[in-house]
Amino acid sequence: MPKIEIDGKPVEVPAGTNLVEAAKLLNIEIPTYCYHPGLTVVGSCRMCQVEMEQNGRTSVVLGCNTPAADGMKVITTSEKVHTLRASALEFLLQNHPLDCPICDDAGECDLQNYYMRYGLHDSRVNLLDKIHKHKVHDVGPTVVLDSERCVLCSRCVRFCREVAGVDELGIFGHGMQSELMNPPGKRLENDYSGNVVDLCPVGALTDKDFRFKRRVWYMERTPSVCTGCSRGCNINIDWEIERRYKDPQRRIQRLKPRYNRMVNEWWMCDRGRYGYHAVDAPDRLTAPHTRSETNGQGALTVDLVLQRAAAKIKAAVSKNGPKSVAVIASPHSSNEDLFLLKSLFVDTLKVDTIDINVSKEETGKQDEILMKADLTPNRRGAEEFGFHSGKNGGMSGDDILSGALDGDYDVLIVVHHDLSRLMGPKELAKLDQRCDYILYLGTHENGTVPVADDVIPLAMSAEREASYTNFEGRVQKTAKPFEPRGQARDEWSIWQDLAQLLGIPWKYASAADVFDAMGNSVPSFKGLTWEGLGNSGKMLAGVPEPAYRKVQSSKPLPAY
Amino acid sequence: MSATPNVSGGVRFLSRNFGLPGQTGIESAMKRGAYEMLKRAVAMKPEDVTALVKASGLRGHGGAGFSAGMKWSFVPKDKFPRYVCVNADESEPGTCKDRLILEYDPHLLLEGALICAFAVQAERIYIYIRGEYFYPWRVMEQAIAEARAKGLIGQNILGTGWSCDVQLATGAGQYICGEETGLIESLEGKKGWPRLKPPFYPAAIGLWGKPTIVNNVETLSFVPRIFEIGAEAFAGMGSPKNGGTGLFSLSGCVKNPGVYELPMGTPLQTLLYDLGGGICGNRKLKALIPGGSSSHILKAEECENLKLDFESVAAAGSMLGSAAVMAIDESVSIPRLTLWMARFYAHESCGQCTPCREGTGWILRLVTRILEGRGRKRDVDDLFQIADNIDGKTICALGQAVAWPTKSYVTKFRHEFDALVKE
């Protein structure tokens, strides 16, 4: 562990740590463009030059390419260092088009930030002398390139080669005419293409999905977790609900990956990144539906639906026993949802016809980088609560459905699942006939809604605080940047209200309450608390932390 | 190609076989003693070969003037395989000496390269020839085929059990591929972008990450000669710390431009007036560029007593570099010379690191403006300052190659620039 000194402050860092990272530990910023901790070091931008004194000799070194060694004294505040930074900035800005007023990156652009901090020079270049390059270059389905803004840091090139393992971007030409481009015949279309926008320190690579939608300083940032698959990548939700002129329905503006060394490091896949559109999609369920006669009694509320559901369940159980109620729950639900669902139906009502799994479940592409085939965020969590198809004597979702078709149940509760994926129209109609009461809880219009007697709208992950257990057993929580759309509700609160109507006096005020109760009663959640999950999650009790794994393609290409 | 090389006067030590009939063929070359020194070298221990070269004081003739034997001794002890790269990417403006060796005595180079490969126990020699050198390429190709047929290249060379192959490679005509790490990247099939330093020496981490010796054509060609006359005699030929002779490419405003072989440390006057025939039109010498376009310019009075070796030229404030001496007479406009120089470097900058990529173009733009009569007084100061901002802040030496001349042109001939700009 080398001990070094940066600006007079001592710090001890692991061997091999470079000066940029060492300085971060002391909250000292060494500005960089080309350096990124997840990519190889190329040292081409020259922004991170610092003065370094070792063995009595002072020299200027690159912060990114100098590993800390015992006894080093690093100076980042001297006049000389300031001049070096200013001159690197002046070079980078020489041909920069200065179109910040129309640039999406304005407000989070390192050229702007560092210019304000270290540059502040008057331009020595005549505007008419600037070199012009491609202004709107379509590099792929998700990203647009503005070559004039590019500082040729090659982060995006290295990301594609080293992490995604593809050769889809390169720097062509030489000298001042160098330009970022697709190699001939290729486009930026890998599954992780959106990351190059995050990596771009300037506004050269912009996201087609976000381009010209919002100024970044109007947005709020909420740390959360992606629920697009069972990986559970850590994300930041950038949202804005005040100034939605262009697209009034759009509350989430974009998702950005959030660093978690043990899950996704700095990256996320495009499937997760652009998956947020579902939150404000036009087919969101925002109000309860019903097919029965309530319409005359004023506006239909979730409470009214719940009262009827409670009556139906009570009647069914007292008439035909708990076997007449069946629940097809979902691994899309959070730990809290599943915990209360299980407490209510399995533990209290003694319903054993309950499961989460159905065949023909939607699966996605899987790779060794981040994407998992299982598109549900909480299958592992559901298993921890005992929802195993067929195992320990229970029934699978498919068994329950075929039972329902045979008229085995009076009440069928379906959460999230789209029954039209599992059966044809004829069977659906038969199910509708054979089942006395079907209650559907979901987020979007789907094939279950037409056959359901009552429909309750649920909040989506961006609208609620909830915890999910990823495939490795890491419990992570989402945050709630804004209220659910319309009358949509947290699923666990539905079960709580239903339980109260059935005479169980639950009084959980928040997801955190439910979670802490869970920590006391479910063995695998023992010792976990809502606060304790923090921003990067915790492993289930008894599940060891997996070994660190570098998130990258199994066939990375060599650095550019 | 003319049969007679343009090497006249001076000494004929390295160049003694240039232009002799049939010299590029292996038969006549061997009659004159080619590969005899290789036989002598492979009978020695590899480390003794390195020690001998070190003792001879042989310096790199590619530009940096680094001790060749020292470079060979940097190879880590237990890292294999090892490679030797012959840098035949001669492209420094004013330099045209390696071409003569490639064209007129390819077996001398091959022998030198093989001795080097034996000294560092390399398994392969790459000869990286600049893209524009078509004819030298063909000569080398022929020479390699002949040497291979004689068993001098390949498995079990001269019965020693040591095997070494030689491969020719060509660049696509980029100046930057003459930089040793740029050359290595290019050999690996990548864009010729110089590597970030540290690691400083390819001798430890070079081609394919393996120990690699990169030497200039002329440097390696001297090696057989060292074996011929002995290290002491070789060292004695030149001036202190500068062993042997050197090929000097004389160009510019001289009556007899050409390549001249002279012992290191020869006075400039000998080269310029005795061999070069003096300045064109008997005009006065105004300035001198002693080591290729990337060296500092020297005013006439600064080089009156100049000796042509690395230390003397450095003491005068410039560098011997690749020994491309360019004479500039009083009829030449220094700002125009700056334009010529800036145009070259702006075109040849690889575009990897910021100061060089942006700075070279900026210098070109400023000089163009000054010469077009649109310059402001401030532009001359900017010219110096931009060059200063590039100097030493780049990944490779190309930054210095443009910064040094620019800075010295502006400081030493400021009045010529000032005369062109309006207030």
Side-chain angles (χ1 to χ4, degrees), chain A residues 33-35 40-49 59-62 64-67 80 83-96 121-126 128-131 150-154 157 161 167 170-180 183 557-560, chain B residues 172-177 182 185 188-199 208-209 343-366 368-369 374 376 378-379 381-383 385-396 398-399 402:
Chain A
Y33 291 113
C34 68
Y35 171 73
T40 44
V41 171
V42 292
S44 64
C45 74
R46 317 311 274 187
M47 262 313 268
C48 65
Q49 297 175 97
S59 53
V60 172
V61 296
L62 285 185
C64 65
N65 196 38
T66 309
K80 189 168 184 182
T83 317
L84 287 167
R85 288 172 182 171
S87 104
L89 271 168
E90 192 183 20
F91 282 131
L92 287 171
L93 285 163
Q94 188 200 179
N95 288 309
H96 191 82
H121 56 267
D122 290 326
S123 179
R124 289 193 265 182
V125 183
N126 192 330
L128 296 173
D129 282 343
K130 296 208 175 218
I131 287 182
C150 177
V151 294
L152 296 164
C153 69
S154 84
V157 180
R161 298 178 65 90
D167 181 22
I171 293 173
F172 297 86
H174 55 108
M176 228 164 167
Q177 306 294 339
S178 305
E179 205 171 340
L180 181 71
L557 297 170
Y560 195 60
Chain B
Q174 267 250 327
Y175 174 68
I176 198 62
C177 293
E185 289 283 298
E188 288 184 1
K190 300 191 226 156
K191 199 171 172 177
W193 274 8
R195 289 181 180 173
L196 184 60
K197 290 106 188 159
W208 320 113
R343 197 179 281 155
F344 175 79
Y345 288 107
H347 182 262
E348 293 298 342
S349 167
C350 77
Q352 186 184 9
C353 66
T354 310
C356 174
R357 177 182 69 233
E358 304 293 337
T360 48
W362 199 347
I363 288 174
L364 174 61
R365 179 187 294 155
L366 283 178
T368 311
R369 189 158 70 200
R374 296 185 291 119
R376 300 157 296 182
R378 218 189 73 193
D379 289 343
D381 295 322
D382 284 355
L383 205 54
Q385 212 203 328
I386 290 158
D388 194 45
N389 284 348
I390 303 173
D391 193 358
K393 280 106 186 164
T394 50
I395 288 178
C396 77
L398 198 143
V402 68

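Each chain gets a letter, A, B and so on, in the order the sequences are listed, and its residues count up from 1.
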Exercise. Quick one: which of I176(B), T354(B), I386(B), I395(B) has the most heavy-atom pairs under 4.5 Å with chain A, could you say?
Key: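 Max contact count across the listed options: T354(B).
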
Quiz item: Under a 4.5 Å heavy-atom cutoff, which of C350(B), G359(B), A346(B) has the most pairs with chain A?
Solution: C350(B)

Check each atom of [X] against the heavy atoms of chain B and say whether the ones under 4.5 Å are side chain, backbone, both or neither.
X: V41(A); value: both
X: Q177(A); value: neither
X: S44(A); value: both

Using modelled atom types and a 3.5 Å cut-off, is there a donor and acceptor pairing between side-chain atoms of [X] and backbone atoms of [Y]?
X: K191(B); Y: G170(A); value: no
X: R46(A); Y: C353(B); value: no
X: E358(B); Y: L92(A); value: no
X: H174(A); Y: E348(B); value: no

Self-check item: Which atoms of R357(B) approach chain A - backbone, side chain, both or neither, heavy atom under 4.5 Å
Solution: both

Quiz item: What part of R195(B) gets closer than 4.5 Å to chain A, counting heavy atoms only: side chain, backbone, both or neither?
Solution: neither

Quiz item: NZ of K197(B): more than 12 outside heavy atoms within 6.0 angstrom?
Solution: yes

Quiz item: Any side-chain heavy atom of T83(A) sitting closer than 4.5 Å to one from N389(B)?
Solution: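 No - every pair of side-chain heavy atoms lies 4.5 Å or more apart.
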
Quiz item: Is the shortest heavy-atom distance from the side chain of V42(A) to the side chain of W193(B) under 4.5 Å?
Solution: no

State, to 0.1 Å, how close [X] and [Y] come at their nearest heavy-atom pair, and which atoms those are.
X: W362(B); Y: M176(A); result: N-CE, 3.9 Å
X: D382(B); Y: R124(A); result: OD1-NH1, 2.9 Å
X: G351(B); Y: S178(A); result: CA-OG, 3.5 Å
X: N95(A); Y: R365(B); result: OD1-NH2, 3.3 Å

Quiz prompt | Results of side-chain contact (heavy atoms from CB on, under 4.5 Å) for D122(A) - residues two or more places apart only | solution = none

Quiz item: Which residues satisfy the side-chain contact (heavy atoms from CB on, under 4.5 Å) test with P67(A), sequence neighbours excluded?
Solution: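 Checked P67(A) against side-chain contact (heavy atoms from CB on, under 4.5 Å); zero matches.
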
Quiz prompt | Distance (rounded to the nearest 0.5 Å) between D129(A) CG and R369(B) CZ | solution = 5.5 Å

Quiz item: Between OG of S87(A) and CD1 of I390(B), what distance do you get to the nearest 0.5 Å?
Solution: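 The OG atom of S87(A) sits 9.0 Å away from the CD1 atom of I390(B).
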
